[in-house]
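Each chain gets a letter, A, B and so on, in the order the sequences are listed, and its residues count up from 1.
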Amino acid sequence: MAKHLTSRDKDYSQWYNDLVVQAGLADSSAVRGCMVIKPHGYAIWEAMQADLDRRFKETGHENAYFPLFIPKSYFSKEAAHVEGFAKECAVVTHYRLKNDPNGKGVIVDESAKLEEELIVRPTSETIIWDTYKNWIQSYRDLPILINQWANVVRWEMRTRLFLRTTEFLWQEGHTAHATEQEAIAEAEQMLHVYGDFAEDMMAMPVLRGIKSPNERFAGAIETYCIEALMQDGKALQAGTSHFLGQNFAKAFDVTFQDKDGKVKHVWATSWGVSTRLMGALVMSHSDDQGLVIPPKLAPTQIVIIPIYRGPEQLEAISLVVEPLLAELRAAGIRVKFDNRDTYKPGWKFNEYELKGVPIRIAVGPRDLENKQVEIARRDTLTKETMPMEGLIDRMVEMLSEIQKDLFDAAKRRLDDSIVKVDSWPEFEVAIKAGGFISAHWDGTAETEELIKRKTKATIRCIPLNNPQENGSCILTGEPSPERVLFAIAY
RNA sequence: CGGGAUGUAGCUCAGGUGGUAGAGUACACGCCUGGGGGGCGUGUGGUCGCAGGUUCAAGUCCUGUCAUCCCGACCA
């Protein structure tokens with residue numbers, strides 16, 4: 001293991017790459033653009049999954065699973081959807097290999113060409129709507145509220161661990177409703193499920209809003225999103241929820257007979273978050289020492305490290321630590337006693353800091369004498385000694401304190417980053433400084449495109465419940481009814 | 001797909017005008033150690049990305065090829 005991370009000041013991007021690998025979250029793999037998610041990274045993802053899954057079920061959704069492969073013809077059915085995804089689809093053309101007659105190895109057996117080529121799903125709308133068609137006849141069959149946990153493939157040109165990989169893990173919800181109103185309510189509800197999850201579990205404050213037409217999901221009428229701010233001042237789209245209108249229902253002919261006897265197309269939503277959240281988590285809280293993981297998602301919340309000389313001292317420490325472990329576990333804390341004799345205390349300190357364990361407890365002979373322990377907080381890198389007496393309650397309290405402090409610090413960063421700007425020269429300066437810029441926009445895709453070309457900034461979202469305020473477009477001076485949020489994004 | 005860089009030990013890298021493959025770190029073993037990535041010693045570990053070519057001789061020179069990284073265009 002390398003001893004030093006690149007510091008954030010020196011090269012934020014390199015810091016991120018180093019950290020993801022060194023903290024054991026993920027590695028790049030032998031397959032271009034695809035990553036291996038390692039146990040530490042996967043444990044965090046599982047914690048995210050578990051909580052999200054609970055929230056989905058609490059809002060009435062059920063899990064199901066649809067195929068990895070999608071017939072090519074399905075893709076052409078919804079025009080905007082094809083347009084959006086065609087350029088990044090992996091295509092299966094054959095189903096058999098054979099020994100290479102000219103040498104070693106195997107080659108594609110040309111005689112085993114598929115009648116119809118299969119797309120590896122970049123998202124599942126098409127196969128799902130083709131399936132829903134058969135499930136829906138009456139308004140009594142609605143709503144359909146389904147989620148699936150799956151992997152998808154999007155053939156990206158440039159990839160980065162977690163932030164953009166060719167294959168990634170995600171969940172995709174796909175719902176069908178009898179009315180437009182109900183579908184919109186569903187899309188909005190899921191946006192809030194995502195927002196609450198990000199804030200409660202990841203301690204990552206987000207902005208909730210809708211996308212400009214340019215940034216909308218391919219095939220959606222409206223795309224809702226949560227946007228987060230990374231430490232380097234760049235924005236990151238952390239989750240999206242789409243109101244799909246009747247686009248897919250019409251493309252796949254999904255109809256139902258309503259109470260009034262009329263045959264109607266259903267209304268749809270889809271929504272998803274991916275392993276990209278892992279990247280967001282890393283870039284929200286971590287520092288030059290390594291990861292900082294909010295307690296609610298930390299696979300290990302407290303690590304106990306014995307400091308000893310010889311087996312007798314370890315034995316004495318263990319006698320005190322074992323009951324402590326049991327009590328901490330009984331209090332619902334995920335705790336680990338690292339009594340490996342193969343690593344030294346100093347090495348372990350650094351290791352757990354790198355991995356982001358929220359609290360470290362060190363117990364040595366001095367502590368045994370004084371009936372105390374040394375507590376170190378990962379987020380603040382502070383240490384203090386505490387009496388063993390009342391330790392459990394104090395730990396429970398400290399974990400929630402850390403969770404709150406992480407959120408508060410990130411919230412302050414986000415709030416402080418949002419600046420109102422009313423002139424183009426100011427805009428150019430502000431966007432370089434990072435963060436979100438609140439500015440007027442004339443509402444046209446052309447202007448949005450031009451701003452992007454000039455500054456790399458995009459409209460991240462139009463906030464929900466955005467105050468209406470007459471103004472003039474930052475670039476063109478045309479009238480504008482409200483401010484929108486710009487940023488340079490991942 | 002354009003522009004740039006790099007492929008040598010698990011990792012980071014050194015190897016002038018061709019001549020028996022190196023260091024640090026990691027790993028294994030031993031002793032000393034132990035409250036912030038310990039010290040000393042002894043070892044293990046390489047088809048020099050791959051394929052050709054030049055040469056008595058190629059990590060080094062030539063051609064091709066593949067891969068990775070960075071910068072652009074595309075994207076969650």
### Task
Calculate the interatomic distance between A:Leu281 atom CG and B:A76 atom P; express it in whole Å.
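After rounding, the gap between these two atoms is 21 Å.
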
#### Entry: Under 3.5 Å donor-acceptor, A:Lys348 side chain and A:Asp338 backbone
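Between the backbone of A:Asp338 and the side chain of A:Lys348 there is a qualifying donor-acceptor contact (under 3.5 Å).
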
With sugar-phosphate meaning primed atoms plus P, OP1 and OP2, does [X] contact a base, only sugar-phosphate, or nothing at under 4.0 Å between heavy atoms?
X        : value
A:Glu156 : base
A:Arg160 : nothing
A:Leu236 : nothing

I want to verify a distance call: between [options], whose nearest atom is closest to the [X] side chain?
X        : options             : value
A:Pro345 : B:G35, B:A73, B:C27 : B:G35
A:Ile307 : B:G37, B:C74, B:G34 : B:G34
A:Tyr308 : B:G34, B:G35, B:G36 : B:G34
A:Lys87  : B:G36, B:G72, B:C74 : B:C74

Could you list all N or O pairs between the protein and nucleotides 67-69 of chain B that sit under 3.5 Å apart?
residue, atom, partner, partner atom, Å
B:U68, OP2, A:Arg32, NH1, 2.9

### Query
Does anything in residues 35-50 of chain A pair up under salt bridge (charged side-chain N to carboxylate O under 4.0 Å, His left out), and if so which pairs, sequence neighbours excluded?
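Pairs touching residues 35-50 of chain A that pass the test: A:Asp27-A:Lys38.
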
### Query
Quick one: salt bridge (charged side-chain N to carboxylate O under 4.0 Å, His left out) pairs with a partner in residues 221-240 of chain A, sequence neighbours left out?
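Checked against salt bridge (charged side-chain N to carboxylate O under 4.0 Å, His left out) - neighbours excluded - the pairs reaching residues 221-240 of chain A are A:Lys211-A:Glu227, A:Arg216-A:Glu222, A:Glu227-A:Arg460.
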
### Task
Indicate the ring-plane relationship of A:Trp170 and A:Phe168, choosing parallel, tilted or perpendicular according to the 30° and 60° boundaries.
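Rings of A:Trp170 and A:Phe168: perpendicular, as their planes differ by over 60°.
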
Using a cutoff of under 3.5 Å, can you pull out all pairs of nitrogen or oxygen atoms linking the protein to nucleotides 29-33 of chain B, with atom names and distances?
residue, atom, partner, partner atom, Å
B:U33, O2, A:Lys344, NZ, 3.0

### Message
I'd like to check the ring-ring contact (aromatic ring centres under 6.0 Å, His included) partners of A:Phe486; sequence neighbours left out, ordered by chain and number.
### Response
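So A:Phe486 forms a ring-ring contact (aromatic ring centres under 6.0 Å, His included) with A:Phe427.
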
### Query
Is a donor-acceptor contact shorter than 3.5 angstrom present between the side chain of A:Gln313 and the base of B:G34?
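Result: no qualifying N/O pair found.
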
### Message
Determine whether a donor-acceptor pair (one donor, one acceptor, N or O, separation below 3.5 Å) exists between the side chain of A:Lys456 and the base of B:G72.
### Response
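Counting by modelled atom types and ignoring angles, no donor-acceptor contact under 3.5 Å is found here.
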
### Message
Please classify B:G64 as syn or anti, treating any glycosidic angle within 90° of 0 as syn.
### Response
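That one's anti.
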
### Task
Mind listing the residues from residues 165-173 of chain A sitting with a heavy atom below 4.0 Å of RNA chain B? Number order is fine.
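Of all residues in residues 165-173 of chain A, the ones placing a heavy atom under 4.0 Å from RNA chain B are A:Thr165, A:Phe168.
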
